[in-house]
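What follows is a set of notes on a single structure, which appears directly below.
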Amino acid sequence: MSGYDHRAIEQKWQERWEKQRVAEVDLRSARDKYYMLMMFPYPSGDRLHVGHGRNYILGDALYRYLRMRGRRALNPMGWDAFGLPAENAAIQRGVHPRDWTLDNIKVMKRQFRRWGILYDWSKEVTSCLPDYYRWNQWLFLRMLERGLAYKRRAPVNWCPSCRTVLANEQVIDGACERCGTEVVQRDLEQWFLRITDYAERLLEGLESLAGWPEKVLLMQRNWIGRSEGAEIDFPLVSGAPPITVFTTRPDTLHGATFLVLAPEHPRVAELVGEHPDRPEIEAWIERVRKTPRIEREGEGSAKSGRDLGARAINPATGEAIPVWIADYVLPDYGSGAIMAVPAHDARDLAFARQEGLPVRLVYHPTERAVRAEDLSEPILHEGEIRGCGEFDGATDGPETIHRFVEWLAAAGKGRPRVTYRLRDWLISRQRYWGTPIPVVYCEGCGIVPVPDDRLPVELPYEVEFSGREGNPLARCESFVSTSCPACGAPARRETDTMDTFVDSSWYYLRYLSPRDSAQIFDPETTSRWAPVDQYIGGIEHAILHLLYARFVCRVVHDFGLVPFEEPFRNLFNQGMITRYSERTGRIEKMSKSKGNTVSPDTLIDEMGADTERVYTLFLGPPEDEVEWNDEAVTGAYRFLQRLWRVAERVGEAPPTAPSDAELERARHHAIARVARDFERFKFNTAVAALMELLNALTKAVEGKTASRLCCEATMDTLLQLLHPIAPHVTEELWERRGHVETLLDSDWPVADESKLKRDRLQIVVQVDGKLRDRIEVDADWGEREVRAAALDSDKVREHVGGREIAKAVLVPGRLVNLVTRKEAS
RNA sequence: GCGAAAGUGGCGGAACCGGUAGACGCGCUAGAUUUAGGAUCUAGUCCCGAGACUUCGGGUUGGGGGUUCGAAUCCCCCCUUUCGCACCA
């Protein structure tokens, strides 16, 4: 045999896997099915670095393991191919987004191949191609029919320099991420999906996701933000219709000394009425509207407001109270109006003090005397109600709140109400590189959906990327001008495209019938193969992507297309890889912008993909953030070289040798450990276990302490267990050892419990909890024998020092603890 | 501010259910081998103090307390770091 030539070996096996399409799955049979899924990547122009590799290597190790366990594992891959960087490349470098994206896909595919990753490419989907995004349009139209998609005016982040709308993530410290211009708030007609209708179901569904990390469930729960309380109507002194507020603390109603409306509240125009300062107030409202949300909502932001002059009646006290508007009340939460209870709410108190508004206590602390006029901190969750008639003496708690709600409801002044922090999903993007929203605007017919048989509404290729104005689509006359599908009159197309989160909300269903040109996906195949058994991806998608995917799953469930409501049974979030950055002088997430990336190409050239795979998985627990260490990679390389050398020499072992049982024990111990580790994704400890097994085998071969038969069996087991981690070198050695079928098709070894047993074993002796000696005992000895053997030891006797043994705690196979009676002192 | 997670050698990290802390690897030290090497092999490597080649004692899992025969692991307080949310009524 020759030396370990990783280049030749890796090339050979990659070619073979590709040619034989080993990962292709026939979906007609779903016996032993296991649908695993890696979050599909955005094909950015940046080459993949070893930090990205972690995801894919982890997934491939899982895939190969499942295959060897006999599962019919489906591991598809595709491209989240719409998005902003493609358009920026077009503007900056004059490449068309489509060409740029498709080129990037080719490059990334080659990189996956070089890592030795097996995907079922026959299921590939590319979201920027019409045969995919037409089904985005189809889905949108179905939602439009059911009122789940709608259009309304809404404030958006607007960059005056780029003249375009920005997503929240593109606004950094109130400025545009691209040009640094301060972002302003603008009202535009926008398309929304009514995810809020599903808030309760999305929240309840979390209960069933036992296979999801607690952290993600919690983040989703907080994001949905269910909040129970009451709606209360405040009649106006003028006799105009009442103002309705939402509160979680109806029990503090008696302390409501003023109302505050969001400046955007629909009643504001009417209420400001004949106010003498009306022009000033309107100018102020305009300023608030233009303030970016990020700035307005920051906790440190100073509150400001205006007295509208109108007066409302507190339904509990009958008192007339002023009606204000202020920027700290948000238009899209609750009813966009609050009752201010300064005595029991920090924000209201701060505002009341600032504006000289009255403060009235409902709950009076019992331990100390408090005067409303001196209050500088709100009274929260203490004291008892005073001065509120029938409620006097009640203390803070759910029951008191309930009594107030009942009382309000009986009087017709209010009612129980649940609100959510979750807002409807704004899907409009004033961008070219996305799915066109399939509607047409007609003078006569209004908003007209594009009929199904005219889908897809294709993105025109020939558009101008000047970069000066937002959406190139809007300037593409051949796209915009069309005829009304309803009446045939000239009409204009919608030029907004969809948020790319729409694409990624259902792609896992399309993988199951990627070429179906008649329907979005085949419901029959889907019901057999979905939901996804194991989803793997980064924690950065803990909220939006996963929430949208869960939402869309329920929508298609309600359409009768899938029998389940949850798309992903188990979720695993791998941590990121960090490395020291020269540029920032800190340890940071590996990224191009930080200049701390490591290229897999160089690494693979020098030490091979198997080395990168072993090292990446060995680095640390896959769910944790781990730091890449350039020097430590050689440890993985050495490991594979040692494996190669031992494989060459394993035939030199003698026909018989004394320590077969010991090597057998090491072999079965490794089998048990690796299986357990793989099940929990603990690839780092699995690698450690395999290194130990190799060490044991090396010792046995070199010291001629185990028989050839036993060494050969250990070698085979080692190759099998290591295959998911280092697939190329293991297949090569396996083949060279004369096996006919491939490792990937071999049966995963099973640990034999009986081989793990020993007749005699070493246990630890403690005296009063301190380790004093190790003794050898028979495996089946009871406490009496072990105790006697322990006392046989000089060291133990010395430490017992003649004291009486009060008791002995025996942990079978591990230790015995002799507890001495304390001398009376 | 609220919520969550995590703190173990020089470094990355092990330790299943409360039972030998530091597996495995990197680095480092010494030696061997090689024309040479950043290649390979062998031995050593938590800290302190004695003892001497195969030892012995003490300490040690961010800090302090507690439960227990026994705590990295469970409970309480504090410190630090990271992440999520952040005027949500």
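Letters A, B, ... are given to chains in the order of the sequence lines, protein chains preceding strands, and every chain is numbered from 1. Since this is a predicted model, take the numbers as computed values, not measurements.
If you take CG of A:Leu815 and P of B:A15, they are 19 Å apart, rounded to a whole angstrom. In this structure, A:Trp644 places its CH2 atom 17 Å from C1' of B:U40, rounding to the nearest Å. Protein atom CE of A:Met607 is 11 Å distant from nucleotide atom C1' of B:G38, rounded to whole Å. For the pair A:Arg814 CZ and B:C16 P, the computed distance is 9 Å after rounding to whole Å. Following rounding to the nearest Å, A:Asp630 (CG) and B:C11 (C1') show an atom-to-atom distance of 13 Å. Rounded to an integer number of Å, the gap from A:Glu588 CD to B:U81 P is 16 Å. Atoms CD1 (A:Ile725) and P (B:C24) sit 17 Å apart, rounded to a whole Å. Between the C1' atom of B:C24 and the NE2 atom of A:His669 lies a distance of 12 Å, rounded to the nearest Å.
An OP1 or OP2 oxygen of B:A89 is reached within less than 4.0 angstrom by no side-chain nitrogen or oxygen of A:Arg421. When the side-chain nitrogen and oxygen atoms of A:Arg638 are compared with OP1 and OP2 of B:U40, one or more of them lie within a distance under 4.0 Å. Between A:Arg579 and B:G12 there is no side-chain polar atom (N or O) within less than 4.0 angstrom of OP1 or OP2. Taking only side-chain nitrogens and oxygens, A:Lys215 never comes nearer than 4.0 Å to OP1 or OP2 of B:U82. Contact between the side-chain N/O atoms of A:Asn695 and the OP1/OP2 oxygens of B:G25 is found at a separation under 4.0 Å. Side-chain nitrogen and oxygen atoms of A:Arg642 include at least one within less than 4.0 Å of the OP1 or OP2 phosphate oxygen of B:G25. Residue A:Gln766 places no side-chain N or O under 4.0 Å from the OP1 or OP2 atom of B:U20. OP1 or OP2 of B:A14 lies within a sub-4.0 Å distance of a side-chain N or O belonging to A:Asn684. For B:A89, the OP1/OP2 oxygens have no side-chain nitrogen or oxygen of A:Thr419 closer than 4.0 Å. Phosphate proximity of B:C16 to A:Lys682: absent, as no side-chain N or O sits under 4.0 Å from OP1 or OP2.
Between A:Phe351 and A:Trp324, the ring centre distance stays below 6.0 Å. Here A:Phe501 and A:Trp425 keep their ring centres 6.0 angstrom or further from each other.
By the 6.0 Å contact criterion, NZ on A:Lys699 is open, its count of non-hydrogen atoms from other residues, nucleotides or ligands being 12 or less. Around NZ of A:Lys704, the count of heavy atoms belonging to other residues, nucleotides or ligands within 6.0 Å exceeds 12.
Side chain of A:Trp223, nearest nucleotide from B:C85, B:G19, B:A21: B:C85. When the nucleotides B:U20, B:G19, B:C87 are ranked by their closest atom to the side chain of A:Lys303, B:C87 comes out on top. For A:Thr685, whose side chain is taken as the heavy atoms from C-beta onward, the closest listed nucleotide among B:G13, B:A15, B:G19 is B:A15. Of the candidates B:A89, B:C26, B:C85, B:A89 carries the atom nearest the A:Leu330 side chain, counting heavy atoms from C-beta on. For A:Ile338, whose side chain is taken as the heavy atoms from C-beta onward, the closest listed nucleotide among B:G58, B:C85, B:A89 is B:A89. Distance from the side chain of A:Asn817 is smallest for B:C69 among the nucleotides B:G84, B:C26, B:C69. Proximity note for A:Phe618 (side chain, C-beta onward) versus B:G58, B:G12, B:A23: the nearest is B:G12.
Here A:Ala632 lies in heavy-atom contact (under 4.0 Å) with sugar-phosphate atoms only. No contact: A:Asp345 has no heavy atom under 4.0 Å from any strand. Residue contacts for A:Leu218: at a heavy-atom cut-off of 4.0 Å it reaches the sugar-phosphate backbone alone, with no base atom in range. Residue-level contact check: A:Arg772 touches the backbone only, with heavy atoms under 4.0 Å from sugar-phosphate atoms and none from bases. Note on A:Arg774: a base of the nucleic acid sits closer than 4.0 angstrom, heavy atoms only. At a threshold of 4.0 angstrom between heavy atoms, the contacts of A:Val687 with the nucleic acid are absent. If you check every strand for non-hydrogen atoms under 4.0 Å, A:Gln762 touches nothing.
Against the 90° criterion about 0, the sugar-base torsion of B:G9 places it in the syn range. With a glycosidic angle more than 90° from 0, B:C53 adopts the anti conformation.
Using modelled atom types and a 3.5 Å distance limit, the side chains of A:Arg421 and A:Asn222 yield no donor-acceptor pair.
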Legend entry - salt bridge (charged side-chain N to carboxylate O under 4.0 Å, His left out) between A:Asp396 and A:Arg249, worked out: CA-CA 10 Å; A:Asp396 181 18; A:Arg249 296 300 303 271; 3.1 Å; yes
Inset, instruction - Could you walk me through whether A:Val359 and A:Arg353 pass the side chain to side chain contact (heavy atoms under 4.5 Å, CB included) test, one step at a time? - result: CA-CA 9 Å; A:Val359 177; A:Arg353 290 296 180 229; 3.4 Å; yes
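Contact check on A:Arg423 versus A:Asp332 returns a salt bridge, with a Lys/Arg side-chain nitrogen under 4.0 Å from an Asp/Glu carboxylate oxygen.
Side-chain to base pairing of A:Arg645 with B:U40: no donor and acceptor N or O lie closer than 3.5 Å to each other. Checked by distance alone, A:Lys807 brings no side-chain donor or acceptor within 3.5 Å of a matching partner on the base of B:C69.
Across the interface with RNA chain B, nearest-nucleotide mapping of A:Lys699 and A:Pro621 shows A:Pro621 to be the residue nearer the 5′ end. Of the two residues near RNA chain B, A:Glu702 and A:Gly225, the one whose nearest nucleotide lies more 5' is A:Glu702.
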